[in-house]
Amino acid sequence: LKADALKFVTTFRQQLPRELVSATLLPLLAQHLTRRDFVVHTYAAVAIERLLLIKDKPADPNSTAAPVARYGKAELKPVLAPLLTNLFGTLDIEGSKENDYVMRAVMRVLNTAADDIVPISSEVMAQLVKVLNRVAPNPTNPGFNHFLFEALASLVRYAGNAQTVGPFEQLLFPPFGEILNRDVQELSPYVFQILSLLLELNPTSGLSPSYVSILPALVAPVLWERSGNIPGLVRLLQAYMRKGPRQVASGGQLSAIFGVFQKLISSKLHDHEGFYLLESIVEHLTLAELSQFLPVVFQLIFSRLAPDHRTAKFLKSFLVFLSLFIGKHGAASVLTVIEQIQPGLFGNLLESLWVPNIQKVSGQIERKMAALAMTKLAVEPKFIADPRFFAQWGRLLALTLELLELSDEDAAARTDADADDEIDIEDVAGYTNVYSQLSNAPKSDSDPFKEVEPKKFLAVSLHELSKANPGKFGSLISEALPAAQPILQQYFQAAGIAQPYIA
């Protein structure tokens with residue numbers, strides 16, 4: 001009879017009065033989690049999880065606002081602690097120690113509670129680690145394991161702060177270390193994602209000894225043989241570079257990390273992950289720390305840029321990387337490295353790859369980086385002094401303006417029209433479809449040039465360039481780019497530059 005009543009609640013959850021559910025049903029459902037009967041406590045967990053999923057559309061049919069959860073953190077707060085206590089208690093009942101429905105309910109409660117979980121976060125983390133220690137030696141239930149790590153990610157995401165991240169790491173490092181030492185393939189990709197999230201949220205500067213100690217294992221070739229590990233590992237190494245670039249550079253692991261890049265860049269399936277890693281390295285290390293590796297890096301990239309090896313995905317990844325490199329370390333450094341490999345190579349690259357394809361770069365941050373890079377190229381003395389490069393000056397300025405004026409919709413249309421279709425993952429050696437992205441551990445994009453406004457940067461750079469070369473660029477812009485003048489005038493005015501804008 002109790003099971004039927006619980007099933008009724010789940011089936012007709014949309015029709016139940018909101019006040020009844022908040023004041024009466026949620027506490028009753030929490031009580032039924034303690035029943036030893038498998039069907040009863042499972043139906044109770046399902047009912048809780050489904051109730052927390054209900055979303056209501058705005059009353060105004062013309063409203064564009066997103067649907068709102070009917071039962072949010074405010075409704076959950078009075079029963080939060082006993083609800084979680086009983087859910088974890090259910091996981092101690094024989095026959096329900098790996099109950100998917102119960103762990104899914106734990107995850108949903110944590111997602112709904114959000115930062116209300118902070119006061120009891122230590123107790124919740126201890127319970128989750130207890131479950132992890134139980135399943136890690138023999139992870140036989142993929143669904144349960146996924147919801148377990150979703151719950152861990154949710155707790156870290158909403159409760160991770162200066163006071164809690166350290167204790168979380170102390171609780172999680174022993175089981176995570178055991179999983180990695182024993183090479184538990186089913187759980188390792190999840191571990192890499194949670195470690196990344198912890199490292200990204202940790203407000204302290206530098207890498208703790210625990211993270212430093214596991215870095216050699218993270219760049220070991222065996223881990224990179226499995227495709228399921230790669231996205232999480234790349235994200236984790238990116239977090240290392242953001243948090244402790246000097247420690248990574250001085251710790252003797254850069255050669256191994258560039259070895260990882262070499263492996264990824266050779267794969268059509270994972271070459272974009274290789275560029276993600278390379279971009280983090282270039283963003284956070286100095287040119288002196290990078291210099292010994294750059295010739296080989298560019299040679300590897302150029303070998304893949306050959307027409308018979310190049311894909312649209314690879315080309316766009318390369319253009320974004322090159323934009324970041326120029327933005328961080330200057331146009332002169334890129335010109336020097338590439339021209340040392342082969343004289344005239346940069347001119348060929350500019351004419352045959354950059355100019356025809358840079359507009360296909362998508363993403364606001366990526367387009368901003370490309371615009372900044374072209375601005376730096378346009379004002380670089382070595383670029384201006386070389387007739388081979390300077391022949392592209394007007395086209396670079398035009399492309400810069402097009403990128404700065406390009407809408408997100410137009411950029412997306414250009415990208416979709418040029419999508420890759422030549423990669424068949426079944427033909428890629430070593431492919432294993434075991435990576436599962438945790439929805440509670442999203443990877444956030446960061447702007448390497450968040451302090452730079454690209455339109456103002458272009459205006460100021462052109463103004464300074466024209467003052468240093470009076471009479472050279474005003475006529476060039478007016479003759480070659482007459483349509484650009486009104487746009488540039490807006491940029492100059494917005495930047496507060498007095499006339500004449502171009503001398």
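Remember, predicted model here, so these are calculated numbers, not experimental data. If you read the sequence from its start, that first residue is 1, and numbering goes on from there.
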Next on the checklist: Closer than 3.5 angstrom, by distance alone: can the side chain of Lys368 be matched with the main-chain N or O of Val452 as a donor-acceptor pair?
Outcome noted: yes

Item to check | Nearest-0.5 Å distance, CD of residue Gln392 to CD of residue Glu351 | outcome: 5.5 Å

Checklist entry - Where the side chain of Gln193 meets the backbone of Ser436, is there a donor-acceptor pair that is under 3.5 Å apart? => result yes

Item to check | Pair Lys443 + Glu200, salt bridge at N-O below 4.0 Å | outcome: no

Checklist entry - Charged N to carboxylate O under 4.0 angstrom, Arg388 versus Glu339? => result yes

Checklist entry - Quick one: are Leu290 and Leu254 in side-chain contact, heavy atoms under 4.5 Å? => result no

Checklist entry - Does Lys376 reach the main-chain N or O of Gly327 with its side chain, forming a donor-acceptor pair under 3.5 Å? => result yes

Checklist entry - Can Val248 and Leu207 be said to form a side chain to side chain contact (heavy atoms under 4.5 Å, CB included), step by step? => result CA-CA 9 Å; Val248 174; Leu207 298 166; 4.1 Å; yes

Item to check | Audit row: Leu401, Leu458, side chain to side chain contact (heavy atoms under 4.5 Å, CB included) steps and yes/no | outcome: CA-CA 9 Å; Leu401 293 173; Leu458 175 62; 3.7 Å; yes

Item to check | pair Val184-Val191: side-chain heavy atoms closer than 4.5 Å | outcome: no

Item to check | Ser267 side-chain N/O to Leu264 backbone N/O, donor-acceptor pair under 3.5 Å | outcome: no

Item to check | Interatomic distance, Ile117 atom CD1 to Thr164 atom OG1 [nearest 0.5 angstrom] | outcome: 12.0 Å

Checklist entry - Taking NZ, NE, NH1 and NH2 as the nitrogens, is one of them in Glu405 or Lys455 under 4.0 Å from a carboxylate oxygen of the other? => result yes

Next on the checklist: Please check this pair: side chain of Glu289 against backbone of Thr286, looking for a donor-acceptor N/O pair closer than 3.5 Å.
Outcome noted: yes

Next on the checklist: Using the rule given for side chain to side chain donor-acceptor pair (under 3.5 Å), can you reason through His309 versus Ser303, listing the C-alpha separation, both sets of side-chain angles and the distance that settles it, and then say yes or no?
Outcome noted: CA-CA 8 Å; His309 294 117; Ser303 68; over 6 Å; no

Checklist entry - Quick one: which of Phe298, Phe302, Phe389, Trp354 gives a ring pair (Phe, Tyr, Trp, His ring centres under 6.0 Å) with Phe346? => result Phe389

Checklist entry - Between the main-chain N or O of Ala441 and the side-chain N or O of Gln437, is there a donor-acceptor pair closer than 3.5 Å? => result yes

Next on the checklist: side chain to side chain contact (heavy atoms under 4.5 Å, CB included) for Leu278 and Leu324? Distances and angles first, verdict last.
Outcome noted: CA-CA 10 Å; Leu278 185 60; Leu324 176 66; over 6 Å; no

Next on the checklist: For Leu349 and Leu322: C-alpha separation, side-chain torsions, deciding distance, then whether side chain to side chain contact (heavy atoms under 4.5 Å, CB included) applies.
Outcome noted: CA-CA 11 Å; Leu349 182 155; Leu322 196 59; 3.9 Å; yes

Checklist entry - Is there side-chain contact between Thr375 and Pro454, with heavy atoms separated by less than 4.5 Å? => result no

Next on the checklist: Let's go through Tyr211 and Phe173 carefully: what are the C-alpha distance in whole Å and the side-chain angles of both, what is the deciding distance for ring pair (Phe, Tyr, Trp, His ring centres under 6.0 Å) to 0.1 Å, and is it a yes or a no?
Outcome noted: CA-CA 9 Å; Tyr211 284 103; Phe173 258 90; 5.1 Å; yes

Next on the checklist: Using 30° and 60° as the class boundaries, would you call the ring planes of Phe390 and Trp393 parallel, tilted or perpendicular?
Outcome noted: tilted

Item to check | Side-chain heavy atoms of Ser121 within contact of Phe168, under 4.5 Å | outcome: yes

Checklist entry - More than 12 foreign heavy atoms under 6.0 Å from NZ of Lys456: is that the case here? => result no

Next on the checklist: When you compare the side chain of Trp224 with that of Leu233, does any pair of heavy atoms fall below 4.5 Å?
Outcome noted: yes

Item to check | Validation row: Leu287, Phe325 side chains within 4.5 angstrom (heavy atoms) | outcome: yes

Item to check | Spatial distance of atom CG (Leu481) from atom CZ (Arg395) [nearest 0.5 Å] | outcome: 9.0 Å

Item to check | Side chains of Ser210 and Glu169 in contact at under 4.5 Å (non-hydrogen atoms) | outcome: no

Next on the checklist: Whether the side chain of Arg304 engages the backbone of Phe314 through a donor-acceptor N/O pair (distance < 3.5 Å, no angle test) should be reported.
Outcome noted: no

Item to check | Aromatic Phe473 / basic Lys467 pairing, under 6.0 angstrom, 45° off normal | outcome: no

Item to check | Nearest-0.5 Å distance that lies between atom CZ in Arg70 and atom NZ in Lys55 | outcome: 12.0 Å

Next on the checklist: Nearest 0.5 Å, please: how far is CG in Leu197 from CZ in Arg235?
Outcome noted: 6.0 Å

Next on the checklist: Apply side chain to side chain donor-acceptor pair (under 3.5 Å) to residues Ser362 and Lys316 and explain how you reach the verdict.
Outcome noted: CA-CA 9 Å; Ser362 59; Lys316 282 181 277 191; over 6 Å; no

Checklist entry - Under 4.5 Å between any side-chain heavy atoms of Tyr158 and Leu110, yes or no? => result no

Next on the checklist: With side chain to side chain donor-acceptor pair (under 3.5 Å) as the criterion, how do Ser154 and Asn111 come out once you've worked through the C-alpha distance, each side chain's angles and the decisive distance to 0.1 Å?
Outcome noted: CA-CA 6 Å; Ser154 181; Asn111 285 354; 2.7 Å; yes

Checklist entry - In terms of heavy-atom contacts, does NZ of Lys472 have more than 12 from other residues, nucleotides or ligands at under 6.0 Å? => result yes

Checklist entry - At what distance, to the nearest 0.5 angstrom, does CD1 of Ile301 lie from CG of Asp271? => result 10.5 Å

Checklist entry - Between the main-chain N or O of Leu223 and the side-chain N or O of Asn229, is there a donor-acceptor pair closer than 3.5 Å? => result yes

Checklist entry - Do you know the tightest heavy-atom contact between Met241 and Ile281? => result CE-CA, 4.1 Å

Next on the checklist: Using modelled atom types and a 3.5 Å cut-off, is there a donor and acceptor pairing between side-chain atoms of His270 and backbone atoms of Lys263?
Outcome noted: no

Item to check | Glu150 side chain vs Met107 backbone, donor-acceptor pair below 3.5 Å | outcome: no

Next on the checklist: Ignoring hydrogens, what is the shortest heavy-atom contact between Asn161 and Val118? Give both atom names and the distance.
Outcome noted: ND2-CG1, 4.3 Å

Item to check | Lys/Arg-Asp/Glu bridge criterion (N-O < 4.0 Å) met for Glu366, Lys360 | outcome: no

